[in-house]
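Heads up, the thing below is written out as structure tokens.
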Amino acid sequence: MTDTNIQIVDSVMGSGKTTSIIDYINSSSNPIIIIVERQSEVERLAKACSSLVVLSDISIQQKTTRLDALEMCANEGKSIISTHHLFKFWSDYFLNKAQYWGYELIMDETLSGVLSSISIKSDDLRKYVDDGYIQVCAGNKLGKVTLTKSLHSKYADVENKIGKKDCYLFNSSKEDDPHYMLIEAPRAEMFSIFKGIKVLTYKFSGSLLRCYFDMHDIKYSMMSIHDGQMGSYTDLQGVNFKDKLHIYGGKHNQTRGKNIGTKTWIENKPNQLDMSKRLRNVFYFWGKYGATSDTFLYTTHKNVQKFVHPKNIKGLKNSLNESHSDPNKKKSMTDDEKRNVSFLSQTIRGTNDFSHKKFMAFTCNTFLDPQINHFLKHHDVELNEEAYAVNRMIQWLWRGCIRNDEEMYVFIPSKRMRHLLLIWLG
């Protein structure tokens with residue numbers, strides 16, 4: 001892999017990463033593209049950095065797509081801010097212009113979905129491989145594929161991904177009876193064309209982006225924020241927050257079994273009802289501390305949310321807010337809408353919209369997708385499951401009022417997840 005200038009700015013939430021990067025952008029003489037997770041963060045940073053062009057605004061003004069707007073801005077060497085979603089489909093034209101102008105790339109939070117499986121029927125994928133439609137690129141140790149013929153129209157999205165991203169073919173079974181899967185990822189060469197890259201995050205060691213870099217032998221250096229300035233890397237863990245987080249320790253925690261909150265466990269109907277009752281009972285328990293429907297927030301696995309939603313709590317809406325549950329939605333929320341949200345996906349990060357939430361329930365028992373884990377191990381890359389789980393949980397909890405250094409009440413029914421948080425707090 002070509003040498004890169006990648007700095008991982010790894011500091012606990014609230015340590016001043018965003019403030020530091022605002023100062024950096026405002027003093028930089030190089031064009032910059034910064035990508036963040038949410039449109040609300042686009043607007044916040046654009047107000048703080050006059051040099052940044054908001055890609056969505058250009059798209060609306062020019063009546064064109066955001067990809068076209070990106071190329072227009074890059075053609076003139078303008079500094080740009082956009083969301084992570086567009087990062088997946090950067091064109092060769094944009095990358096050539098980024099290299100020509102000497103762009104720097106800043107990523108606020110590590111990329112979500114940096115390694116994810118592509119939805120395609122196993123039998124169809126096997127036939128495409130056997131018939132030569134999908135072929136592994138010669139000499140590629142990761143199994144990167146290319147297309148020799150067009151796929152059926154129902155797989156137009158798969159064809160688009162293979163054409164614009166790195167997609168790897170992985171056999172998760174025996175060679176004589178292969179069970180193929182396709183895994184999508186950003187194009188590796190993108191990380192070598194920028195003059196410099198900064199990733200603002202926390203617990204990078206537990207992220208899939210770290211695995212991705214290691215898999216491609218992409219070198220990076222670790223830094224942290226000290227008194228508002230970037231310096232040597234250190235992780236103080238959560239010791240400074242242990243007096244601010246009040247972790248529920250009563251009877252509605254796990255009482256038997258070790259799998260409570262896993263995806264398999266929650267797909268069982270009686271367990272959905274059980275979790276719903278626990279949420280409701282803990283909410284009422286928190287009433288003596290002032291819990292209300294607009295200060296309460298919970299997460300569970302998205303496909304069962306409507307069954308897990310705690311019943312009969314006055315004012316608590318049973319609905320997903322798609323602009324924060326779906327990263328492709330860019331709708332800005334009103335203050336009233338933000339206050340009324342009661343559910344957020346456990347993968348949410350990079351937003352300050354819910355810092356009024358004082359009572360937070362993290363009901364998931366988080367593990368990495370087994371297929372992705374198998375793929376990483378096959379290529380000699382290890383991801384510590386506990387680091388991955390605590391990374392997800394802390395990022396979700398820090399959507400709440402703890403990010404403002406305020407006291408917060410937390411319900412974590414999984415003994416495993418609860419103990420991971422207690423260890424992190426010291």
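These numbers were taken from a predicted model, which means no experiment stands behind them. Sequence positions, counted from 1, serve as the residue numbers for this chain.
Between R66 and D68 no salt bridge is recorded (no basic side-chain N to carboxylate O distance below 4.0 Å). Note on R38 versus D353: no salt bridge recorded, every NZ/NE/NH1/NH2 to OD/OE distance being 4.0 Å or above.
Counting only residues at least two apart or in different chains, salt bridge (charged side-chain N to carboxylate O under 4.0 Å, His left out) contacts with residues 262-276 comprise D274-R278.
F213 and F191 have perpendicular rings, their planes meeting at more than 60° on a 0 to 90° scale where under 30° would count as parallel.
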List, one per line, each side-chain donor-acceptor pair under 3.5 Å for residues 128-137, sequence neighbours excluded.
| from | atom 1 | to | atom 2 | distance (Å) |
| --- | --- | --- | --- | --- |
| Y128 | OH | H152 | N | 3.0 |
| D131 | OD2 | K127 | NZ | 3.0 |

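Cation-pi geometry between K97 and F94 is not met at under 6.0 angstrom from the ring centre and within 45 degrees of the axis.
Under the 3.5 Å distance criterion, the side-chain polar atoms of S224 are matched with a main-chain donor or acceptor of D10.
If you run ring-ring contact (aromatic ring centres under 6.0 Å, His included) between W398 and each of F362, F354, W424, only W424 comes through. For the side chain to side chain contact (heavy atoms under 4.5 Å, CB included) criterion with Q346, the lone passing option out of Q395, M393, K302, H301 is H301.
The closest side-chain heavy-atom distance from N259 to N365 is not below 4.5 Å. Within the 4.5 Å cutoff, the side chain of N373 has heavy atoms near those of the E385 side chain. Between L142 and D166 there is no side-chain heavy-atom pair separated by less than 4.5 Å.
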Exercise. So D108 and K17, salt bridge (Lys or Arg N to Asp or Glu O under 4.0 Å) or not? Walk me through it.
Worked result: CA-CA 9 Å; D108 186 13; K17 293 190 294 291; over 6 Å; no
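Taking the six-membered ring for Trp and the full ring otherwise, F170 and Y180 have centroids separated by 6.0 Å or more. The aromatic ring centroids of F359 and F296 lie 6.0 Å or more from each other.
The NE2 atom of H216 lies 11.5 Å from the SG atom of C211; values are rounded to the nearest 0.5 Å.
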